[in-house]
Protein chains: 2
Amino acid sequence: MDQLLFEQLLSFFKALADENRLKLIGMLAEKECSVEELATRLKIREPTVSHHLARLRELDLVTMRKEGNTHLYHLQATSLHKLSKDVLSLESIAAPDPEPNEDLWERKVLKDYLQEGRLSQIPASRKKREVILRWLVNQLEWEKRYPEKEINAFLLQFHWDSATLRREFIMTQLMMRENNVYWRI
Amino acid sequence: MDQLLFEQLLSFFKALADENRLKLIGMLAEKECSVEELATRLKIREPTVSHHLARLRELDLVTMRKEGNTHLYHLQATSLHKLSKDVLSLESIAAPDPEPNEDLWERKVLKDYLQEGRLSQIPASRKKREVILRWLVNQLEWEKRYPEKEINAFLLQFHWDSATLRREFIMTQLMMRENNVYWRI
DNA sequence: CATCTAATTAGATGATTATCTAAATAACTT
DNA sequence: AAGTTATTTAGATAATCATCTAATTAGATG
């Protein structure tokens, strides 16, 4: 997802994530009100209301007009509408990537299990094992057919237990085997 | 607005009003994830992620299934959709009335200015003056025509400055006058 | 000009809560 | 059974933020 939209949504939620601010929105939806009236009905002090209104105003959720001494606030329905629409598309949020972040998790797994180019161990957890296996298999060529002897030699560069790794390749469907010959799929 | 909906919306906003929780929603929208993976990508510790997921789970925004050791969380799109819809109707929020609240403001004004049945002063602010004037005029009968003398007598019960009050009645269009006779409009 | 009223700003305080470490639980591996 | 891994729970700490009082600004009234 777009970084900008993410931050907009976040501040939108923060703005409405307060009981009194949400009530303010409700009251202003009815009619425009002075600060004093809002304070009385919410049973909190004017400065507090002022503070809340300032926050809502930052997001253009409310606007203010002066009438003599008093400041009349009213709801900015358009802004509210626009943001509500974005909320509806919340499901389309992808992970915000502040960095090349997408595979941060996988890179960490690789870093944890690879010591000077060799596998310190074969991860017990299926998810991590798969990360390792995909990384290994990626160093083999597509289309090429590898005799078992060759696969073994390749795997032994990384770990003594080439048999287990070979078996895992098959089980995870990363490779196919026929007559002791292996290839990627 | 419905008190229940109000509280649902409030907790919805509170749930999403945190940077990391919002990111979690984003990541889970892509695919289901383990706690460890989420923690790694967010660069925070597992217990923290666990805590956030628990909050999201309270609102049924995410659900969890166990696969061996690991807990895989995934987004509950339905709940999200339902709540988003409510957000869209935010504008229809009326003030939540924890009490007969609607005129709490006006009742406070009356309380502030009426001491033992008499006006302590005539409010300077237009908004408050109107509250007082409407209360006063409400004690006069509809349709009836009051000679100025009678109006004065009535007003003097509440305040020495009946002349100002009379003038205000006219200015605010609460009464009409013709040949020194007054009536409500 | 002096006064009053409504609102805002400044600054302090207290409550909430995101985050961490350490310990407990649960499920899998050997 | 013993050890390892993933998660959760408990408890402590620190940051955020809602709220208050006191002081300031701006407008209106007399």
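Computed from a predicted structure; not experimentally measured. Here is how names work: the chains are called A, B, and so on, in the same order as the sequence lines, proteins then strands, and each is numbered from 1.
Across all strands shown, A/Lys127 has no heavy atoms under 4.0 Å from either base or sugar-phosphate atoms.
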B/S/- along nucleotides 25-30 of chain D (protein heavy atoms under 4.0 Å) is -BBS--
With B for base contact, S for sugar-phosphate-only contact and - for none (protein heavy atoms under 4.0 Å), nucleotides 18-23 of chain D reads SBBBB-
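Side-chain N/O atoms of B/Tyr73 include one lying less than 4.0 angstrom from OP1 or OP2 on D/dT8. Not one side-chain nitrogen or oxygen of B/Thr70 sits closer than 4.0 Å to the OP1 or OP2 atom of D/dA6.
Atom pair B/Arg65:CZ and D/dA6:P shows a separation of 16 Å (rounding to whole Å applied). Spacing between atom CG of B/Leu53 and atom C1' of D/dA6 amounts to 13 Å, rounded to whole angstrom units. Between the P atom of D/dT4 and the CD1 atom of A/Ile122 lies a distance of 17 Å, rounded to the nearest Å. The separation between B/Leu22 atom CG and C/dA18 atom P is 13 Å, rounded to whole Å. Remark: C1' of D/dA6 and CD of B/Glu32 are 15 Å apart, rounded to the nearest angstrom. One can place NZ of A/Lys128 at 7 Å from C1' of D/dT5, the figure rounded to the nearest angstrom. If you measure from atom CD of A/Gln121 to atom P of C/dT30, you get 10 Å, rounded to the nearest angstrom.
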Name every donor-acceptor pair, under 3.5 Å, that has one atom in a side chain of residues 170-177 of chain B and the other anywhere in the protein, sequence neighbours excluded.
{"from": "B/Thr172", "atom 1": "OG1", "to": "B/Glu168", "atom 2": "O", "distance (Å)": "2.7"}
{"from": "B/Thr172", "atom 1": "OG1", "to": "B/Phe169", "atom 2": "O", "distance (Å)": "3.3"}

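Considering only residues two or more places apart in sequence or on other chains, A/Arg184 meets the side chain to side chain donor-acceptor pair (under 3.5 Å) condition with A/Asn138. Residues satisfying the ring pair (Phe, Tyr, Trp, His ring centres under 6.0 Å) test with B/Phe158, not counting sequence neighbours, are B/Trp135, B/Phe154. For B/Glu19, the side chain to side chain donor-acceptor pair (under 3.5 Å) test picks out B/Lys23, with sequence neighbours left out. For B/Lys127, there are no side chain to side chain donor-acceptor pair (under 3.5 Å) partners at least two apart in sequence or on another chain.
Counting only residues at least two apart or in different chains, ring pair (Phe, Tyr, Trp, His ring centres under 6.0 Å) contacts with residues 109-131 of chain A are absent. Residue pairs satisfying the salt bridge (charged side-chain N to carboxylate O under 4.0 Å, His left out) criterion with at least one member in residues 59-68 of chain B, sequence neighbours excluded, are listed as follows: A/Arg126-B/Glu67, B/Glu32-B/Arg65, B/Arg65-B/Glu67.
The shortest distance between side-chain heavy atoms of A/Leu119 and A/Trp160 does not fall below 4.5 Å. Side-chain contact check for B/Met64 versus B/Leu53: every heavy-atom pair is 4.5 Å or farther apart.
The partner of D/dG30 is C/dC1, judged by Watson-Crick or G-U wobble contacts that both fall below 3.5 Å.
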